[in-house]
Participant: 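Quick one: this structure, given as structure tokens, is what I'll be asking you about.
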Amino acid sequence: MSRYVPEDVETKWQRIWEEGGHFHVEADPSRPKYYVLEMFPYPSGRIHMGHVRNYSIGDVVARFKRMEGHNVLHPMGWDAFGMPAENAAIKNKLHPAAWTISNIDSMRVQLQRLGYSYDWRREIATCHPGYYVHEQRFFLKFLEKGLVYRKHSPQNWCETCGTVLANEQVIDGCCWRCDQLVVQKDLEQWFLRITDYAEELLADLDKLVGGWPERVLTMQRNWIGKSVGAEITFPLAAPLGGTDGADGITVFTTRPDTLFGATFMSLAAEHPLVASLIAGKPQEAAVTAFVDKVRNLDRIVRSADDLEKEGVFTGAYCVNPATGREIPIYVANFVLMGYGTGAVMAVPAHDQRDFEFARKYDLPMQVVIQPEGATLNAASLEAAYVDPGVLVASGEFSGMQNEAAKSAIIDWLDGSGRGKKSINYRLRDWNISRQRYWGAPIPVIYCEKCGIVPVPDVDLPVELPRDLALMPDGRSPLPHAPSFTDVACPLCGGKARRETDTLDTFFESSWYFARYASAREQDRPFDPAELAYWLPVDQYIGGIEHAILHLLYSRFFVKALRDCGLIAFDEPFANLLTQGMVIKDGSKMSKSKGNVVDPDLMIGKYGADTVRVFILFAAPPEKDLEWSDTGIEGASRFLSRLWRLATEELAGLLTPVAPCATAESLGLDGLPPLFAELRRREHATAAKAGADIRERFQFNTAIAAAMELVNFLYANVEALRAEPKGAKAVSSAVGTLLAVLSPIAPHICEELWQSLGHKTLLIEQPWPAHDPSALVTDTVDIVVQVCGKLRGKISVARDASNADVERAALAEVNVVKHIEGKTIRKVIVVPGKLVNVVAN
RNA sequence: GCCGGGAUGGCGGAAUUGGUAGACGCAGCGGACUCAAAAUCCGCCGGUCGCAAGGCCUUGGGGGUUCGAGUCCCCCUCCCGGUACCA
């Protein structure tokens, strides 16, 4: 047989699988379905090792589940809108569409070279009008339902990208994509009411426990940031009260039990009441200066590690609704307009931040909660007391436990309209407007007379014009293209202007997983029957970096589309696997570090199967994987060994026998014990690799198990060849080896399977069903400990009684030495495993 | 600060329910083959003492539970990830 030439083997089988349509899949209610999905890539031009890892993991799962008899949906597509296309287009004088499509074409070839078992008939590209027309309809449906709205407010603005960002897309005060510092800019934008779903998004995380990594659930919980407390209104003190339409300042607090200790009020610099509070007061100039300073320093300093707490008195007072006392109103740099109401009732005795602030500005402090067995004194307090205790100086509530006092005080306030129970979320509504060209147009029209008018369904999709030249500064050309913007109002026929913002690209990725179920459906986004069969995704696989952004948006979208009657499930991804990064020399691969390993080069040098084996063998999926040039040599060596084993060492011996064939059919009787041992190892390999893949996604140990079987076969080649009657047993073992490795290294296994004389394809074989009784041996090795220390090993019959095992253990030579002159206190026998002799 | 996760040979990692620590691979060392090299095959490969049999030590550090702890409990150190004035 010929030398192992990966390229020949791989192109051969890729062609056969492709021509046979072997990975095409149709819904079949008579069979159990399995939907495995890897996060689709942005078509940047070349795949990188992170993709190879992600898609290799997914492909093993897909191929394995097929072998286990599932009807497996395993699709691939392209997250094809986004800024890199615009940048590249400007640089290379190419249209973003042309750049994107050519990238998709070359990346598809790369993926196909790796032998991934996708149903390519379902391929989607989000920049295709046939895709985004559906999300334009979603948008209009959301608009109709009030789930999407327009709002004017300060927005996160990235100067480099020339567009706004959602809160989730601001990382450490910088743009998630380009790391540019984000600034605030007043703009009117489209928002999606994700906050309407905050409670469900939080509660349903419990349904994902067990299926999703705990840390992703925690990150989402923290991001949603639910706080239970109260909204309490502090009336403004005369002469301000009621004079300017503002009755008071409403705060959100999680500690209504400390209300009697609120001795001043802190407002955010951006709080709308600040201007009217200071108007005409001596403090006006100082406050204005402070507000300007805080707002200008904004993000930069506010994101600094420990910004000094500062504030300034407004000259105005409000009234603590519990004590009736007037308290001063401050503007403070640590109060955020974006959380709660932008106003905080300050309780310095029981909040560390307020404590520091009060000490700095010499503000009064009132202890209202006393710990058990101690008496706090405001004057001598060294830090805020934040733990539970009993209320004091709190009117009728004095003497209550503080936890009970929370609801008691809320009820008391509620009775007189001064406050109410309130739940606050950290989660903000999702800003979906982007001032970019290469995205899906937002399908509305602004009419001078009629206002905001949805684009009528017959006019959908609003296609992104492809004949526009990009602006050299990277700004969107859409607002400057009359052919796009100038339209007649669909309602009155009058002069109107088309919306020129496009949708955040996370809009596309929030529903693509459902589109695969019926990717070519034209008039509607989904075929309900297909959706009902395939969704939700059984196993989703991707990087941890999407723990919040994409995964939260997708969860929200599913719920929103469900409430629009378009889908009928609650959560998109039943199980989530977050794979670690591929690193080199200790850090993430990047051009600037010059440590990038190109998958294509590796495939060219070693073949796709070797690349797959290495990337799956080097680390378990959740951990970061250090790329190793010698490590991939090892993977290559292993496949060559496998090849030589089947084509040289055991040549002439191998026949088309079913993997894990029955003992009777192999005719083991009368053969040397080696053959029974081979069969035991064959079945153990199938059992171990199956469990590792099925239950733990632990491909590294599955591969290790296969390597052990290969090593065993090599070690016994001579003896195996010497017994022609054992040929069937050897063939069964080799067949099992190939079947077990086939999800991981599909091409070489298919080729060797054929070389065994099989007429069927290996990809159509079931996973080898091991016979549990084949794993049982006549004798078992037992380790013998004396006082917990290993002193010897004995071999006993599998069904030996504990007494027999104990007797044998105590007779072991080295054990005898160690118990000599001692009294045996106790003997512990763990059947089949171990004996521990306790003696002193 | 808070919340997760982690620390095992020279390296990547294994040990699934508390039961032989170091599977498998990489690197290294020795040998066979070869004029030689590559490739391949065989052997060794945590530290330490010992001719050997075998002993002692060893899973970041310290304590504990247990016949027995990498695994469970408590304390500490360090590393990684997330998050951070959230009222």
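Order of the sequence lines sets the chain letters (A, B, ...), proteins ahead of strands, with each chain counted from 1.
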Participant: Contact class for A:His818 vs. all strands (heavy atom < 4.0 Å): base, sugar-phosphate, or nothing?
Facilitator: sugar-phosphate
Participant: In whole Å, what separates the P atom of B:A27 from that of B:A39?
Facilitator: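 It comes out at 10 Å once rounded to the nearest Å.
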Participant: When you check the side-chain N and O atoms of A:Gln366 and A:Thr263, is any donor under 3.5 Å from an acceptor?
Facilitator: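 No - no donor-acceptor pair under 3.5 Å links their side chains.
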Participant: Specify the residue among A:Thr218 and A:Pro620 whose closest nucleotide of RNA chain B lies further upstream toward the 5′ end.
Facilitator: A:Thr218
Participant: Touch check for A:Glu708, heavy atoms < 4.0 angstrom, all strands: base, sugar-phosphate only, or nothing?
Facilitator: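 Counting heavy atoms under 4.0 Å across all strands, the contact made by A:Glu708 is with sugar-phosphate only.
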Participant: Any side-chain N or O of A:Arg696 less than 4.0 Å from the OP1 or OP2 oxygen of B:A15?
Facilitator: yes
Participant: Rounded to the nearest angstrom, tell me the gap between atom CG in A:Leu834 and atom C1' in B:A21.
Facilitator: 14 Å
Participant: Measuring only the P atom in each nucleotide, how far is B:C26 from B:G13? A whole number of Å is fine.
Facilitator: 16 Å
Participant: Tell me: CD of A:Glu545 to P of B:U83, nearest whole Å?
Facilitator: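 Atom CD in A:Glu545 sits about 12 Å away from atom P in B:U83.
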Participant: Please report, rounded to the nearest Å, how far the C1' atom of B:U40 is from the CZ atom of A:Arg3.
Facilitator: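 Value for this atom pair: 14 Å.
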Participant: Should B:A7 form a Watson-Crick or G-U wobble pair with both distances under 3.5 Å, which nucleotide is its partner?
Facilitator: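 Partner of B:A7: B:U77.
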Participant: Hey, are A:Tyr714 and A:Arg644 close enough side-chain-wise for a donor-acceptor pair under 3.5 Å?
Facilitator: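 A:Arg644 vs A:Tyr714: donor-acceptor pair found between side chains.
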Participant: When the C1' atoms of B:G61 and B:G70 are considered, how many whole Å apart are they?
Facilitator: 15 Å
Participant: Which part of the nucleic acid does A:Arg825 contact within heavy-atom distance under 4.0 Å: base, sugar-phosphate only, or nothing?
Facilitator: nothing
Participant: Counting only distance, no hydrogens or angles, is the base of B:U16 paired donor-acceptor with the side chain of A:Lys688 under 3.5 Å?
Facilitator: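 Flag set: donor-acceptor pair detected.
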Participant: Using the side-chain heavy atoms of A:Phe617, tell me which of these nucleotides is nearest: B:A21, B:C41, B:G25.
Facilitator: B:G25
Participant: A:Gln698 has an atom CD; how far is it from atom P of B:A14, in whole Å?
Facilitator: 5 Å
Participant: Taking ring pair (Phe, Tyr, Trp, His ring centres under 6.0 Å) as the test, write out the residues that go with A:Phe617, two or more places apart.
Facilitator: none
Participant: Going by atom types alone, do A:Thr685 and A:Glu708 pair a side-chain donor with an acceptor below 3.5 Å?
Facilitator: no
Participant: Using the C1' atom as the reference point in each nucleotide, state the distance between B:C51 and B:G12 in Å, no decimals.
Facilitator: 37 Å
Participant: With rounding to the closest Å, how many angstrom separate the C1' atoms on B:G18 and B:C73?
Facilitator: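 After rounding to an integer number of Å, I get 13 Å for this pair.
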Participant: If we call it a pair only when both distances are under 3.5 Å in a Watson-Crick or G-U wobble match, what pairs with B:C2?
Facilitator: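 Its partner is B:G82.
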Participant: Could you please name the partner base of B:G70, counting Watson-Crick and G-U wobble pairs only when both distances are under 3.5 Å?
Facilitator: none
Participant: Can you tell me the pairing partner of B:G28 across any strand shown, Watson-Crick or G-U wobble, with both distances under 3.5 angstrom?
Facilitator: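 B:G28 is paired with B:C44.
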Participant: Give A:Asn836 one of three labels, base, sugar-phosphate or nothing, depending on what nucleic acid heavy atoms sit under 4.0 Å from its own.
Facilitator: base
Participant: Return no unless some side-chain N or O of A:Arg221 is found under 4.0 Å from OP1 or OP2 of B:C3.
Facilitator: no
Participant: For A:Asn222 and B:G4, is the shortest distance between a side-chain N/O and OP1 or OP2 below 4.0 Å?
Facilitator: no
Participant: Given atom CZ of A:Arg641 and atom C1' of B:C41, what is their separation to the nearest angstrom?
Facilitator: 9 Å
Participant: Could you state the atom-to-atom distance from CD of A:Gln579 to P of B:G5 in whole Å?
Facilitator: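 Taking CD of A:Gln579 and P of B:G5, I get 20 Å after rounding.
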Participant: A:Arg353 or A:Asp692: which one's nearest nucleotide on RNA chain B is closer to the 5' end?
Facilitator: A:Asp692
Participant: What is the nucleic acid contact for A:Gly634, judged by heavy atoms within less than 4.0 Å: base, sugar-phosphate only, or nothing?
Facilitator: sugar-phosphate
Participant: Are any non-hydrogen side-chain atoms of A:Asp781 and A:Lys793 less than 4.5 angstrom apart?
Facilitator: no
Participant: Base, sugar-phosphate alone, or nothing: which one does A:Val838 contact when heavy atoms must sit under 4.0 Å apart?
Facilitator: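 Since only primed, P, OP1 and OP2 atoms lie under 4.0 Å of A:Val838, the category is sugar-phosphate.
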Participant: Answer yes if the side chains of A:Ser227 and A:Tyr339 hold a donor-acceptor pair under 3.5 Å, and no otherwise.
Facilitator: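 A:Ser227 vs A:Tyr339: donor-acceptor pair found between side chains.
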Participant: Rounded to whole angstrom, note down the C1' distance from B:U77 over to B:G22.
Facilitator: 25 Å
Participant: How is A:Arg791 classified with respect to the nucleic acid when contacts are heavy atoms under 4.0 Å: base, sugar-phosphate, or nothing?
Facilitator: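 Contact class for A:Arg791: sugar-phosphate only.
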Participant: Counting side-chain heavy atoms from C-beta on, which of B:G19, B:G25, B:G13 comes nearest to A:Lys623?
Facilitator: B:G13
Participant: What's the CD1-P distance between A:Ile744 and B:C24, to the nearest Å?
Facilitator: 17 Å
Participant: When you measure from the side chain of A:Asn814, which nucleotide among B:G54, B:A23, B:A27 comes out closest?
Facilitator: B:G54
Participant: With a 3.5 Å limit on both atom pairs, tell me what B:A23 is paired to, counting Watson-Crick and G-U wobble, or say none.
Facilitator: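 Matched B:A23 with nothing under the 3.5 Å cut-off.
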Participant: Do the side-chain N and O atoms of A:Thr250 and A:Thr341 include a donor-acceptor pair separated by under 3.5 angstrom?
Facilitator: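 No, no side-chain donor-acceptor pair sits under 3.5 Å.
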Participant: Picking from B:A27, B:G4, B:A87, which would you name as closest to the side chain of A:Leu336?
Facilitator: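 Given the options B:A27, B:G4, B:A87, the side chain of A:Leu336 is closest to B:A87.
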Participant: Reckon A:Asn424 touches a base, only the sugar-phosphate, or nothing at all at heavy-atom distances under 4.0 Å?
Facilitator: nothing
Participant: Distance check, P atoms only: B:G55 and B:G60, in whole angstrom units.
Facilitator: 25 Å
Participant: Could you state the atom-to-atom distance from CZ of A:Arg694 to C1' of B:U16 in whole Å?
Facilitator: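 Result: 14 Å.
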Participant: Can you tell me, in whole Å, how much space there is between the P of B:C2 and that of B:G9?
Facilitator: 29 Å
Participant: Classify A:Arg426 by what it touches in the nucleic acid, base, sugar-phosphate, or nothing, heavy-atom distance under 4.0 Å.
Facilitator: base
Participant: Any N or O donor-acceptor pair linking the side chain of A:Lys826 to the base of B:C67 at under 3.5 Å?
Facilitator: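 No, no donor-acceptor pair under 3.5 Å.
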Participant: Choosing from B:A27, B:C85, B:G13, which nucleotide comes nearest the side chain of A:Ala619?
Facilitator: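 Of all the options, the side chain of A:Ala619 is nearest to B:G13.
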Participant: Using the rule given for ring-ring contact (aromatic ring centres under 6.0 Å, His included), can you reason through A:Phe264 versus A:Phe357, listing the C-alpha separation, both sets of side-chain angles and the distance that settles it, and then say yes or no?
Facilitator: CA-CA 10 Å; A:Phe264 61 99; A:Phe357 195 85; 5.6 Å; yes
Participant: Does a side chain donor of either A:Asn222 or A:Arg426 reach within less than 3.5 Å of an acceptor in the other side chain?
Facilitator: no
Participant: Touch check for A:Lys793, heavy atoms < 4.0 angstrom, all strands: base, sugar-phosphate only, or nothing?
Facilitator: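 If one applies the 4.0 Å heavy-atom cut-off, A:Lys793 turns out to touch a base.
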Participant: Tell which nucleotide pairs with B:U17, taking only Watson-Crick or G-U wobble pairs whose two distances are both under 3.5 angstrom.
Facilitator: none
Participant: For B:G64, does the O4'-C1'-N9-C4 (purine) or O4'-C1'-N1-C2 (pyrimidine) torsion place it in syn, i.e. within 90° of 0, or in anti?
Facilitator: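 Anti conformation for B:G64.
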Participant: Under 4.0 Å: is that the gap between some side-chain N or O of A:Asn700 and OP1 or OP2 of B:G12?
Facilitator: no
